[in-house]
Amino acid sequence: MAGKDAFAEVVEDWAGRMTALRAYTVAGVRPDTDFFLWKITERYEDLGQLGAALNGTPLAGWLETPYSYLATTKASQYTQARKPRKIVPRGQPYLVVYPFVKTRPWYALSEEQRQEAMDEHIRIGREEFPGITNHTTYSFGIDDQEFMTAFECDEPADFMHLMLRLRDTEASSYTQRDTPIFVGQHVPIRAALDALDGAQSRVEA
């Protein structure tokens with residue numbers, strides 16, 4: 001209990017220092033991950049300082065970090081945006097996260113061909129699935145993938161239907177890798193930690 005409290009206190013403290021710091025449970029969904037943290041900050045140094053603080057808690061000795069993704073924002077070349085869009089969570093109950101890599105032939109297409117393909121992609125998301133919030137960020141040169149995608153949704157099935165629809169698009173045919181996929185349910189950090197040992201399921205005698 002003390003170990004979980006110390007870990008949770010660090011997360012709760014840092015939640016007030018970052019743009020956003022949200023916990024998501026994936027307990028019982030994936031065999032390799034039980035929870036993850038969505039960290040949004042304008043200071044790269046915050047990530048290392050938060051990591052060091054979490055590593056200093058007793059619980060850290062029992063945890064592993066099988067995945068960690070780094071990405072940043074920039075203005076998209078496929079929209080009218082001229083400035084990087086700020087990543088602001090809408091607070092929807094589920095977050096779907098995965099790394100994304102395009103095939104090399106995608107970059108051999110002309111600018112007009114890529115724009116046309118992305119126009120279709122963007123239109124489907126905005127017009128047919130307005131309840132899903134897309135937070136796409138960029139990892140070129142700073143992590144192993146090209147993009148990090150994070151989609152907030154009200155139900156995981158909503159995102160599944162979006163992906164089925166996008167499979168038919170031209171842009172989708174240039175996908176090289178879009179796994180592993182994590183579907184997390186937003187919970188307070190203490191609830192995410194309680195799921196590690198089943199504490200939230202226990203009934204007092």
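Position 1 is the first residue of the sequence, and the numbers go up from there. The structure presented is a predicted model; accordingly, all values stated were derived computationally and were not measured.
- Listed by chain and residue number, nothing satisfies the side chain to side chain contact (heavy atoms under 4.5 Å, CB included) test with Glu116 (two or more places apart in sequence, or in another chain).
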Applying side-chain contact (heavy atoms from CB on, under 4.5 Å) to Leu109 and Trp106, what does each step give before you reach the verdict?
CA-CA 6 Å; Leu109 297 176; Trp106 168 258; 3.8 Å; yes
Passes side-chain contact (heavy atoms from CB on, under 4.5 Å), His121 versus Asp119? Steps please.
CA-CA 5 Å; His121 214 69; Asp119 284 346; over 6 Å; no
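- More than 12 heavy atoms of other residues, nucleotides or ligands sit less than 6.0 Å from atom OH of Tyr107.
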Give the C-alpha distance, both sets of side-chain angles, the deciding distance and a yes or no for side-chain contact (heavy atoms from CB on, under 4.5 Å) between Phe100 and Arg177.
CA-CA 6 Å; Phe100 189 80; Arg177 178 168 64 89; over 6 Å; no
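- Of the possible donor and acceptor atoms, one in the side chain of Thr25 sits under 3.5 Å from a partner among the backbone N and O of Ala27.
- Residue-environment remark: CG (Asp144) stays at or below the threshold of 12 foreign heavy atoms within 6.0 Å.
- No single ILVMFWY cluster, assembled from side-chain heavy atoms under 4.5 Å apart, contains both Ile122 and Ile87.
- Thr103 and Gln176 share no donor-acceptor pair across their side chains, judged by distance under 3.5 Å alone.
- In this model, no donor atom of one side chain and acceptor atom of the other lie less than 3.5 Å apart for Glu42 and Thr19.
- Ser172 and Arg167 are not linked by any side-chain donor-acceptor pair at a separation below 3.5 angstrom, with hydrogens and angles left out of the test.
- Residues meeting the ring-ring contact (aromatic ring centres under 6.0 Å, His included) test with Phe129, sequence neighbours left out: none.
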Could you walk me through whether Leu50 and Met18 pass side-chain contact (heavy atoms from CB on, under 4.5 Å), step by step?
CA-CA 10 Å; Leu50 171 59; Met18 292 182 158; 3.8 Å; yes
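- Counting non-hydrogen atoms of neighbouring residues, nucleotides and ligands closer than 6.0 angstrom, the CD atom of Glu45 exceeds 12 such neighbours.
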Tell me, with the steps shown, if Arg17 and Asp13 meet salt bridge (charged side-chain N to carboxylate O under 4.0 Å, His left out).
CA-CA 7 Å; Arg17 306 192 207 181; Asp13 175 54; 2.5 Å; yes
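- When side chains are defined from C-beta on, Tyr67 counts as touching Pro180, because their heavy atoms get closer than 4.5 Å.
- Shown here are the side chain to side chain contact (heavy atoms under 4.5 Å, CB included) partners of Glu155, two or more places apart in sequence or in another chain: Tyr94, Asp158.
- No side-chain donor-acceptor contact under 3.5 Å links Thr72 to the backbone of Tyr138.
- Linking Ile, Leu, Val, Met, Phe, Trp and Tyr residues whenever their side-chain heavy atoms come within less than 4.5 Å places Ile132 and Met163 in a single cluster.
- With Leu95 as the partner, the side chain to side chain contact (heavy atoms under 4.5 Å, CB included) test is satisfied by one option alone out of Phe151, Phe159, Trp38: Trp38.
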Do any side-chain atoms of residues 183-191 form donor-acceptor pairs under 3.5 angstrom with protein atoms, and if so which ones, sequence neighbours left out?
unit_1 : atom_1 : unit_2 : atom_2 : d
His186 : ND1    : Ala23  : O      : 3.1
Arg190 : NE     : Glu12  : OE2    : 2.9
Arg190 : NH1    : Asp5   : OD1    : 2.9
Arg190 : NH2    : Glu12  : OE1    : 3.1

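- Through direct or indirect side-chain contacts shorter than 4.5 Å among Ile, Leu, Val, Met, Phe, Trp and Tyr, Leu164 is connected to Met160.
- A donor-acceptor pair is defined here as one N or O able to donate and one able to accept, closer than 3.5 Å; such a pair exists between the side chain of Ser139 and the backbone of Leu70.
- Between Glu146 and Lys102 there is no salt bridge, since no side-chain N of the basic residue sits under 4.0 Å from a carboxylate O of the acidic one.
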Name each donor-acceptor pair under 3.5 Å that joins a side chain in residues 52-66 to protein atoms two or more places apart or in another chain, with its distance.
unit_1 : atom_1 : unit_2 : atom_2 : d
Asn55  : ND2    : Gly51  : O      : 3.3
Thr57  : OG1    : Leu54  : O      : 2.7

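- For Arg43, the CZ atom is densely surrounded, since the number of other residues' heavy atoms within 6.0 Å is greater than 12.
- Both cation-pi conditions hold for Arg30 and Phe182: the charged atom is under 6.0 angstrom from the six-membered ring centre and inside a 45 degree cone around its axis.
- The residues Asp46 and Lys39 are annotated as not salt-bridged, no charged nitrogen and carboxylate oxygen being separated by less than 4.0 angstrom.
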